[in-house]
Amino acid sequence: MTTKRLAVLTSGGDASGMNAAIRAIVRIALNQGIDVYAIYEGYQGMIDAGESIRKMTWDSVGGILHRGGTVIGTARCDDFRTREGRRTAAHNLLIHEIDNLIVIGGDGSLTGANIFRQEWPSLLGELVEMGKITQEVADKHANLTIVGLVGSIDNDMHGTDMTIGADTALHRITEAVDAISSTAASHQRTFVVKVMGRNCGYLALMSALATGADWVLIPESPPNIDNWQQKMVDDLKAGRKAGRRDSIVIIAEGAQDRDGNPIGSTEVTKVLEEQLGEEVRVTVLGHVQRGGNPSAFDRNLGTLMGSAAVDAVLAATPETEPQLICLRGNRIARRPLMECVERTKAVAEAISAHDYERAMDLRGSSFKAAFRTLRTLLRSLPHEALAGQKRLRLAVMNSGAPAPGMNTAIRAAVRIGLDKGHVIFGVTNGFQGLIDDTVTEMDWMSVNGWASMGGSELGANREIPSGRDFYAIARNLEKHGIQGLLIVGGWSAYQGAYQLYRERDNFPAFNIPIICLPASINNNLPGSELSIGADTALNNIVWAVDRIKQSAIALRRCFVVEVMGRHCGYLALMGGLATGAERVYLHEEGVTLRDLQADLDKLVTGFEHGKRLGLIIRNENANPIYTSDFVAALFEEEGGGLFDVRKTILGHVQQGGDPTPFDRIQSTTLASKCIEFLIENAQTESPMSAFIGLESGGIQIHNIEEMPKLIDEANQRPKKQWWLDLRAIAKILAQPAPQSQLDT
Ligand code: ADP
């Protein structure tokens, strides 16, 4: 059998995370024995050929994970829109015997790829007729396999929850809006911020949700009144009156009114200046949103999608239609490419036909739910409780170590609860606060600004109630008439909630719904694939490791970096995947002397062959004897003069900082569901206690009774850890260049 050959290209707008995808495609393909080429400058390179089509080696994609944009270049190419251009492109591919193509781009690029594949047989026919290729060549390459990956900051592709680059763009936007908010608050100013998104309001909507902006305009759902300007002004004035010091309006590039007239930042600014009587400043974020180092999420998304694209190439038969690699509920999947592209185009069509209901329907249920939640959160005051409505008394608290996103969750819970007409209490200092009765009523403005704040404003600790605590807690719950409790926290939150549940026969006050919202950087909670705070911690790790690596660029050095996670290796593995670590030590796998010897041998071979930098990531509890000190000392001693070793313990830096957009969005979404759960269960005879989380593609609520069978009590982690499946990919990508590659 002849070796398969594949080529990868990036086309259209660049997006952060494309490099991770290119690296994964090249290395996974080489590992499978496939020859792999990169086509530089998108479709233009396929037409120009020559130096634009280059064979890739293991090392040609080294050191690119952390870089924004695409190292193989991207371009828009009018020639590829013509049949002649595509015929030349086909010819150039055949010269290199390439008949598998992975295209990373937006819907335009992917449409082009599909047309190319449809025309492939006839293009080959023409090339034979023109005498450019023989019939034999045409027969040998009769089929062109196309696999698409979406690289787009807009997150505008139907069929995938996220596109490569969207999370990084959200990072850039939230950083900018957070910065603007603080200056706006200092001067009591109004800012209008314009973000990208011609037919897609994802960036505008999610950044507004993540930053606590006050008004947002997206293309899919224009204000449903004619005089929206007046409504905007009234809302901002009301916000000021309620005590907000800053007002932020976020506009998507493609915002329009319900008649389809574009709404620009200049118009909004003019209206606001005239009617608010204060200075209004505009910030058009522009290309800043595209740039910068990719977030941890985009690196890992690019890597996993790239790896899946090679699998799709290998699995393709002549009958397989072009496939799109998608993310569906935290798992990589394949879908027919053109179906996704067509449904994406349908959104743009619905918008231009002013059929906004259809546009929102096509965006999907979570987009619609996020928009609904946003409209509640940005209100300046809650709706009045309805006459005769039952007003429940619900309490919210944190428990465990502070995790970025806790405040965001509490803010959302308080506001959504108040807006539904209920009374909300905040408990400070975790379960200890329930014991000591530090329970106070929260109002709308008491959580103002909390969307973007790291740490825990309510305060938390790891206390788990026992013995006499129950009596004190029961008394205080009764004293305040609490009818439902939301605990945002980690392991201790779950344990504490379970204890209260078990004591409900002894203490009737505990016969209320209690729900736990997973918030722990360790990502070690049952029923939840991703807990709040873990994404922020991962980005902190990636940020630090990027810098650590740069510090050693000219030396022969190996770093042993210790990360948090307790007995859960999530941060270590995902941090390793995102930074290109060559070895990750996890508690789940353990560490043996044999492992250390093998790893040392690999390091020595690597450095002997010109390697300059080694990176090992060790989970803090990977092994009690083979500590980071031990590993570093062992490698240093045994490495002789070949390389030196430095140990870095990242420590609490991982827990700190403002939450990432993902942690803010996820905590808001979960908090909204938790409040719904409490309201529903508080009004039933036998209320359920539960824990919530993202699992199996959606948000699931588990009865708290299920907890013991889902957890590994001794190691304080869930029995099922989905991310362990990613170890295989991490291992392949991080290995040194295989022998076959050292010669090329
Ligand atoms: P994006 O892929 O980001 O949506 P564009 O729509 O600009 O960006 O498309 C990028 C490139 O893909 C174009 O410059 C062109 O070379 C190619 N392309 C786009 N649409 C088509 C098409 N209908 N037929 C052939 N090529 C296309």
Side-chain angles (χ1 to χ4, degrees), residues 7-19 21-22 38-49 52-53 68-70 72-93 101-120 122-123 126 144 146-160 162-166 168-169 196-200 202-203 219 252-254 286-287 289-291 298 302 305 309 322-326 337-349 351-352:
V8 53
L9 63 86
T10 48
S11 167
D14 66 312
S16 266
M18 282 180 162
N19 288 329
I22 296 164
I39 300 175
Y40 284 66
E41 320 307 334
Y43 291 122
Q44 192 62 50
M46 205 148 82
I47 293 174
D48 296 345
S52 302
I53 304 183
T70 159
I72 59 173
T74 180
R76 310 219 188 248
C77 170
D78 286 336
D79 288 349
F80 196 72
R81 292 179 186 272
T82 68
R83 189 171 169 89
E84 209 186 330
R86 293 192 290 272
R87 193 169 57 222
T88 310
H91 188 205
N92 289 330
L93 287 189
L101 194 59
I102 299 178
V103 176
I104 312 175
D107 59 347
S109 306
L110 298 173
T111 304
N114 189 57
I115 293 171
F116 191 45
R117 179 180 181 270
Q118 283 169 344
E119 290 179 352
W120 183 259
S122 58
L123 293 174
E126 284 168 30
L144 175 70
I146 296 275
V147 177
L149 258 63
V150 196
S152 160
I153 68 163
D154 294 340
N155 203 24
D156 53 354
M157 180 64 74
H158 179 88
T160 185
M162 287 299 273
T163 57
I164 297 170
T168 304
M196 284 186 170
R198 253 170 303 163
N199 288 310
C200 184
Y202 177 85
L203 292 177
E253 215 177 353
H287 284 76
Q289 295 162 84
R290 273 193 192 287
D298 273 329
M305 284 188 160
Q323 299 286 303
L324 188 73
I325 306 299
C326 302
L337 183 142
M338 276 326 280
E339 189 189 305
C340 299
V341 170
E342 264 146 30
R343 293 195 65 135
T344 302
K345 289 186 173 152
V347 182
E349 283 157 20
I351 294 171
S352 51

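Residue numbers start at 1 and run along the sequence shown. For ligands, and for the atoms within them, numbers begin at 1 and follow the listed sequence. Both backbone and side-chain heavy atoms feed into the values below; hydrogens, waters and symmetry mates do not.
In terms of polar-atom proximity, defined here as any N/O pair under 3.5 Å, Arg86 makes no such contact with ligand 1. Remark: ligand 1 and Gly106 share an N or O pair separated by less than 3.5 Å (distance only, no angle test).
A donor-acceptor pair shorter than 3.5 Å cannot be found between the side chains of Ser16 and Thr168.
Scanning all protein heavy atoms for the shortest distance to atom 7 (O) of ligand 1 gives Arg76 NH1, 2.6 Å. Scanning the protein for heavy atoms near atom 23 (N) of ligand 1, the closest one is Ile115 CD1, 3.6 Å. The protein atom (non-hydrogen) at minimum distance from atom 2 (O) of ligand 1 is Ser109 OG, 2.4 Å. When only non-hydrogen protein atoms are considered, atom 11 (C) of ligand 1 lies nearest to Ser11 OG, 3.6 Å. With respect to atom 27 (C) of ligand 1, the closest heavy atom belonging to the protein is Gly112 CA, 3.7 Å. What sits closest to atom 15 (C) of ligand 1 on the protein, heavy atoms only, is Cys77 O, 3.3 Å. Distance from atom 13 (C) of ligand 1 to its nearest protein heavy atom, with residue and atom name: Arg81 NH2, 3.7 Å.
Contact detail for Ser109 and Tyr43: the closest heavy-atom pair is O-OH, 2.6 Å. Closest heavy-atom contact between Gly45 and Ile39: C-CG2, 3.7 Å. Here the shortest heavy-atom pairing between Met157 and Leu110 reads CE-CD1, 3.8 Å. When every heavy atom of Val103 is checked against every heavy atom of Ala113, the shortest pair comes out as CG2-CB, 3.9 Å. Contact record, Met196 with Gln289: N-OE1, 2.9 Å, taken as the closest heavy-atom pair.
Of the residues listed (Val150, Thr10, Leu149, Ile325), the one engaging Ile164 in a side-chain contact (heavy atoms from CB on, under 4.5 Å) is Leu149, and it is the only one. Of the residues listed (Asp107, Thr111, Asn199), the one engaging Lys345 in a side-chain hydrogen bond (donor to acceptor under 3.5 Å, both in side chains) is Thr111, and it is the only one.
Proximity to Asp107 (heavy-atom distance under 4.0 Å) selects the following atoms of ligand 1: 4 (O). The distance from ligand 1 to the heavy atoms of Tyr43 drops below 4.0 Å at these ligand atoms: 12 (O), 16 (O), 17 (C).
Under 4.0 angstrom from ligand 1, the non-hydrogen atoms of Phe80 come from both its backbone and its side chain.
In Arg198, the CZ atom is not crowded: 12 or fewer heavy atoms of neighbouring residues, nucleotides or ligands sit closer than 6.0 Å.
Among Gly13, Gly12, Gly108, Ala15, the residue whose heavy atom sits closest to atom 19 (C) of ligand 1 is Gly108.
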